[in-house]
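To start, the structure under review is shown below, and the notes come after it.
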Amino acid sequence: MTTIADRQVQDSGHSAPTTHAKLAQWVEEVAALTKPDRVYWVDGSQEENDRLTAQLVEAGTLIKLNEEKFPGSFAAFSDPSDVARVEEQTFICSVNERDAGFTNNWMEPNEMKAKLNGLFDGAMRGRTMYVIPFVMGHLDAEDPKFGVEITDSEYVVASMRIMARIGTDVLRKLEEKQSFFVPALHSVGAPLEAGQADVPWPCNPEKWIVHFPEERSIVSYGSGYGGNALLGKKCFALRIASVMARDEGWLAEHMLILKLTSPEGKDYHVAAAFPSACGKTNLALLDPTIEGWKVETLGDDIAWMRVGANGELRAVNPEAGLFGVAPGTGWSTNPNAMRAIEKGNSVFTNVALTDDGGVWWEGMTDETPAHLTDWLGNDWTPESDRPAAHPNSRFCTPIAQIDMLSDEYNDPQGVKIDAILFGGRRKTTVPLVTQARSWTSGVFMGSTLSSETTAAAAGQVGLVRRDPMAMLPFIGYDAGDYLNHWDSIRSHLAEDQLPQIFLVNWFRRTSEGGFAWPGFGENSRVLKWAIERLEGKADAVDTPIGFVPAAGSLDIKGLDLSEDEVAEATHVDVDEWRAELPGIEEWFARFGDSLPASLRTELDELTARLGR
Ligand code: GTP
Ligand code: SPV
Ligand code: MN
């Protein structure tokens, strides 16, 4: 039997130190193809992490931060071309093109494999190939969802250790039943020839983020960045998991999960889907500004939701860390995130450095430091005409460091979801909050969700696009089938357990151009209204699009906003909504035959209510 110590010195010439036959075989095959100098099995220990991060500091990939201010924390700076997800290069290679649907790029799987085999041939030369056993969700879940990421990036190993449950415990459990695992192969695509010096952030101008949904496998090439490279996150827990969920009758969603306790001590759980960089982490860590209400965090990016024994919808967060947008996360907007970050054990990417060995980004503090080193390594002062931190710079922090983390985070059974919010970034049209008339009309709201693009994905920022359930870049199969799946979940939920669905918009602008709603902690007022709607307490106005807060029903006590300003944030402009209809028609036309009939009916009814 091999010991853990033996694992550290295994190289590709030896048999793999696992009793999992398929895993051993896969690792052998990948090593034979990619030709690394050595193969290393990641155990997930602190000692290992210390060693790898020290190696990265040595290589110039990581900068060790001031130990007092940010204990055990590091800053990384990517190649300036490798700063976000690359949706254009993300593929769903289903056997049939139809199953990828119109929202995904597709290539015939064998053609794609031939291309990838060419790229991976010798791709790890001069590097170490790391084998990371991981599980998304709980290791002691009824049906744990295992993955193994093979990567040639130490940065990925250090980040995966924060974002997922990894290492020897997982491997042992995987071996117990010779369980299925999602093979997730990653290379930065930058082999080193003998004597060639490495660069701090190896990557390749050519990038491929590829999913084989029938095989449930992932191959990622060329990027070291977040969602492109930490394959447990978007690639597994959303794209591949959405396919598993379709086949197994559950939902894998781009949603935060929070627990809300009312002044009467009643507990509620809310899941909320907002597109990338549209406020999930902030809402999940919200500090309520209203008396007596308490929020606890369960998740900030991904929710896996199943139908429970009583016909209720139950959600778990499959992740173990936060990979949060740094800019805009600050002591005034999100002190809970700041406290979690301050505890250390974090990896920051593309933020700015302070002169005392700390990190800074726009919005972190009210006062801007007089001098910084920006994310590109240049001197920076408040007079500089570009941001110090990249707009998609990120903090990667263990979720356990959140003081307000709910105990229920650790429950593999998850929590019962009482309300679902869909939200986007819209300057006009979409009011602060609207309650759907029914489950189906809520699914309609989700299916037509629209939002301005953000820096989380490469490409132009600020373009309004449809982003169904905030899953546009993450649905691993045909988008119409996905909406049908949402529709069908309804029949498994008990009538008295149905979550209520709401559409929210924290980003509406006033006629003067400012935000119509202060957002952040003040969003607790919207949560309160939603809960009071569930309790049958809050008044609403019945509008063509759904129920919006009646005058006086939204608690604005202590808020520096007049009733008129609240009305501006919450009103439904029928003309704006009429103008929205052709865009929705066009959007639905793209689904072709796979659009659920129920959503077509919803659109017809909305059109009739708006009148023309
Ligand atoms: P991903 O991790 O990319 O999925 O993003 P996310 O949805 O978790 O977004 P996050 O909470 O990190 O917020 C993204 C940006 O939106 C940050 O710059 C925030 O400061 C800003 N933001 C979040 N909530 C609000 C809000 O209520 N109002 C306003 N105006 N801005 C907000
Ligand atoms: C997102 O883009 O939605 C993220 C960041 O949460 S990443 O992990 O890079 O996808
Ligand atoms: Mn996200």
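For ligands, and for the atoms within them, numbers begin at 1 and follow the listed sequence.
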Classify the ring geometry of [X] against [Y]: parallel below 30°, tilted from 30° to 60°, perpendicular beyond 60°.
X      : Y      : value
Phe502 : Trp529 : perpendicular
Trp304 : Phe236 : tilted
Phe348 : Trp361 : tilted

(request) Would you mind finding which of Asn282, Leu256, Asn505, Leu285 brings a heavy atom closest to atom 23 (C) of ligand 1? (result) Asn282
(message) Looking at non-hydrogen atoms alone, which of Glu522, Arg509, Lys280 comes nearest to atom 4 (O) of ligand 1?
(response)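 Closest candidate by heavy-atom distance is Lys280.
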(message) Between Trp208 and Phe91 (judged by ring centroids, cut-off 6.0 Å), do the two rings come close enough to count as a pair?
(response) yes
(message) Is it the case that the ring center of Trp506 lies less than 6.0 angstrom away from the ring center of Phe520?
(response) no
(message) Less than 3.5 Å apart, any donor N or O on the side chain of Ser450 or Arg426 sitting next to an acceptor on the other?
(response)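 Per modelled atom types, Ser450 and Arg426 side chains form a pair under 3.5 Å.
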(message) Looking only at the side chains, is there a donor atom on one of Thr510 and Glu568 sitting less than 3.5 Å from an acceptor on the other?
(response) no
Please work out, at 4.0 Å between heavy atoms, whether the side chain, the backbone, both, or neither of [X] comes within that distance of ligand 1.
X      : result
Arg425 : side chain
Phe507 : side chain
Asn523 : side chain
Asp301 : side chain
Arg394 : side chain
Phe520 : both
Ala284 : neither
Cys278 : backbone

Distance to the ring centre below 6.0 angstrom and angle to the axis at most 45 degrees; does that hold for [X] and [Y]?
X      : Y      : value
Lys280 : Phe274 : no
Arg425 : Phe507 : yes
Arg246 : Tyr477 : yes
Arg509 : Phe515 : yes

Using distance alone, decide if ligand 1 has a nitrogen or oxygen within less than 3.5 Å of any nitrogen or oxygen in [X].
X      : answer
Gly324 : no
Ala277 : yes
Pro518 : no
Phe274 : no
Ala456 : no
Lys234 : no

Could you tell me, atom by atom, which parts of ligand 2 come under 4.0 Å of a heavy atom of [X]?
X      : result
Gly227 : 7 (S), 8 (O), 9 (O), 10 (O)
Ala456 : 2 (O)
Asp301 : 6 (O)
His254 : 3 (O)
Ser276 : 1 (C), 2 (O), 3 (O)

(request) Sort out for me which residue in Glu408, Arg314, Lys259 forms a side-chain hydrogen bond (donor to acceptor under 3.5 Å, both in side chains) with His269. (result) Glu408
(message) Within the structure, is a non-hydrogen atom of Lys280 found at a distance of less than 4.0 Å from ligand 2?
(response) no
(message) With a 4.0 Å cut-off on heavy atoms, is Gly330 in contact with ligand 1?
(response) no
(message) If the cut-off is 4.0 Å to any non-hydrogen atom of Pro327, which atoms of ligand 1 fall inside it?
(response)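 With Pro327 as reference, the close atoms of ligand 1 come out as 17 (C), 18 (O).
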(message) Show me which atoms of ligand 1 lie under 4.0 Å from any heavy atom of Gly328.
(response)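 Reading through ligand 1 atom by atom, the close ones are 18 (O), 20 (O).
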(message) If I consider every N, O or S atom in Asp301, which one ends up closest to the Mn ion (ligand 3)? I only need its name.
(response) OD1
(request) With rounding to the nearest 0.5 Å, note down the distance linking CD1 in Ile63 to CG in Leu353. (result)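 Spacing of CD1 (Ile63) from CG (Leu353) equals 5.0 Å.
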(request) Return yes or no for this condition: an N or O of Lys233 is under 3.5 Å from an N or O of ligand 2. (result) no
(message) Just checking: Gly227, one of its N/O/S atoms, less than 2.8 Å away from the Mn ion (ligand 3), yes or no?
(response)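 No.
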